[in-house]
Participant: 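I'd like to ask some things about the structure below.
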Amino acid sequence: RRVLFRSYSGRGAGERGVNGASRAWWRVQSALFITSLPLLLVLSGQFTLLALPANALAVPWSTLATMPLAFAALLLDAIAPQWSGTLWWLADLSLQWLWRYLCWLQHWGGAAIWRPAGFGPFSLTCATLFAALYLLPRGTPGRSWTWLFLLPLGWPQLEPIATGDCRITVIDVGQGLSVLVQTAGHNLLYDTGPPFGPARTVAELTVAPLLQLRGIGQLDTVVISHKDSDHAGGWPTIAAQFSVQRLVIGEALPIANAPGSQANDDRPLPLPAAPEPEFCKDDMFWRWDAVGFKLLHPHGDEAGAGNNRSCVLQIDAGGVAILLPGDIERAAEQALLARAQLTAVDILLAPHHGSRSSSTAAFIERLQPRYVVFSTGYLNRFHHPSAAVVERYNQLGAQLFDTAYSGAITFVIERGRVAQITQQRQTSSHYWQ
């Protein structure tokens, strides 16, 4: 109410007619949009210009059509119930039409959504000052320069990563997997999360916003461990929104440009300008910014298919070892043990989300992980992680994390040690948690 009052304060009664009403409407809408900017940044890390065209129709439509019909139907419920049903139906129909417009707006207006990279307390404070000063009456000295307080949002406040260090983020994608690995000058995404309904992906809601918040526009390598939808489902979103230089896959994906892809029951995934995929091989090795990346699996034809075809990626950052094994199960674990490819690790992503078909005693004993992360969905139907698997890691004395309860988990590796571990739901908890 204060925002509305301020937006009208100082205006005379001369603003009449169509032009006056238009100016008044624009003043109110712009005031609401600007004053909500800091709140939107805090709650969602983004804001969108779509609010203006959305409210342009939604506010008068609900005010002049939906609400009068609903109130009339409510009054008629007591005195003329035979008529109230028709009015309730009309009110519902008006909302359906409005909903179609909002969906159309969202579909075609994605470019109007802005997620400032690396904004922090300083830029948020400046945005709040801008919103407060904007409401000052016209003619107030300095009011025309308040837009300068928005400039800090255009300069990312990103935490630099030194050569030899890295940052590992296990993203909360529900029952699925996506891991972001950042070095001083390169970015790797291991798996892309699951689909979200018939037409969307979780990557739209979590992975892509995180990449944009980190100021990442290009992914040097994307590794899709295998074709299961909870690992590969977000690839169309990533391919459409980011420049991907290299794509490495564990097995053929149901997409047009994947080698060996054939028509099947999987939904086709057309990917514009995506790189030609290459299959994981256990002799692949590369080094970025003094951080080593090595693929340990799959090895030849013995890997079989499905989960055991998962790309197993080992990362060495100044002596800190990280293992991302995808969904490998007992057979692949035994193959890795037989080839003596496994060494002790500091950080382990639990194979197959902690399924009882993985994390065998011999596998755990060989790795001796200090930190273990389960990437699971809350109350998932597979009951991951298995209680028996959790107990095996507990007996080893490892520190356990679960994205279902911790949210995204970030390991900051500096100067050959795990310098910091951040659990998103602890650092950014909401009042209802």
Participant: If a pair satisfies salt bridge (Lys or Arg N to Asp or Glu O under 4.0 Å) and one of its residues is in residues 52-75, list it, with sequence neighbours excluded.
Facilitator: none
Participant: Taking ring-ring contact (aromatic ring centres under 6.0 Å, His included) as the definition, give me every residue that meets it alongside Phe293, ordered by chain and number, with sequence neighbours left out.
Facilitator: Trp286, Trp288
Participant: When the aromatic ring centroids of His353 and His231 are compared, is their separation below 6.0 Å?
Facilitator: yes
Participant: Closest approach of Ser84 and Pro81, non-hydrogen atoms and distance?
Facilitator: OG-O, 3.0 Å
Participant: Does anything in residues 171-187 form a salt bridge (Lys or Arg N to Asp or Glu O under 4.0 Å)? List the pairs, not counting sequence neighbours.
Facilitator: Asp172-Arg425
Participant: Please answer whether the main-chain N or O of Asn307 pairs with a side-chain N or O of Ser310 as donor and acceptor at a distance below 3.5 Å.
Facilitator: yes
Participant: For Ala331, is there any backbone N or O sitting under 3.5 Å from a side-chain donor or acceptor partner on Asn308?
Facilitator: no
Participant: Using the ring-ring contact (aromatic ring centres under 6.0 Å, His included) rule, collect all pairs that involve residues 54-90, keeping only residues at least two apart or in two chains.
Facilitator: none
Participant: Identify which one of Leu400, Val389, Asn394, Ile364 satisfies the side chain to side chain contact (heavy atoms under 4.5 Å, CB included) criterion when paired with Val372.
Facilitator: Leu400
Participant: Measure across Val202 and Phe196 and return the closest heavy-atom pair with its distance rounded to 0.1 Å.
Facilitator: N-CB, 3.7 Å
Participant: Any donor and acceptor pair, going by atom type alone, linking the side chain of Tyr101 with main-chain N or O of Gln96 inside 3.5 Å?
Facilitator: no
Participant: Please confirm whether the backbone N or O of Val291 pairs with a side-chain atom of Asp289, one donor and one acceptor, at under 3.5 Å?
Facilitator: no
Participant: Do side-chain atoms of Asp191 reach the backbone of Gly193 as a donor and acceptor pair under 3.5 angstrom?
Facilitator: no
Participant: Exactly one of Asp346, Leu349, Leu296 should register a side chain to side chain contact (heavy atoms under 4.5 Å, CB included) with Leu323. Which one does?
Facilitator: Leu296
Participant: Considering residues at least two apart in sequence or located in another chain, which fulfil the side chain to side chain donor-acceptor pair (under 3.5 Å) criterion with Ser358?
Facilitator: none
Participant: Hey, which of Leu313, Val248, Val181 is the one that makes side chain to side chain contact (heavy atoms under 4.5 Å, CB included) with Thr221?
Facilitator: Val248
Participant: So, do Leu189 and Val179 sit near enough that their side-chain heavy atoms are less than 4.5 Å apart?
Facilitator: no
Participant: Please check: side-chain N/O of Gln175 versus main-chain N/O of Gly377, any donor-acceptor pairing under 3.5 Å?
Facilitator: yes
Participant: How far apart are the C-alpha atoms of Leu348 and Tyr393, what are their side-chain angles, what is the distance that settles it, and do they pass the side-chain contact (heavy atoms from CB on, under 4.5 Å) test?
Facilitator: CA-CA 11 Å; Leu348 171 66; Tyr393 287 115; 3.4 Å; yes
Participant: Is a side-chain donor or acceptor of Ser355 paired with a backbone partner of Ser357 at a separation under 3.5 angstrom?
Facilitator: yes
Participant: Quick one about Thr183 and Arg167 (side-chain donor to acceptor, distance below 3.5 Å, no hydrogens or angles considered), yes or no?
Facilitator: no
Participant: The criterion is disulfide (SG to SG under 2.5 Å); which residues satisfy it with Cys311, sequence neighbours excluded?
Facilitator: Cys280
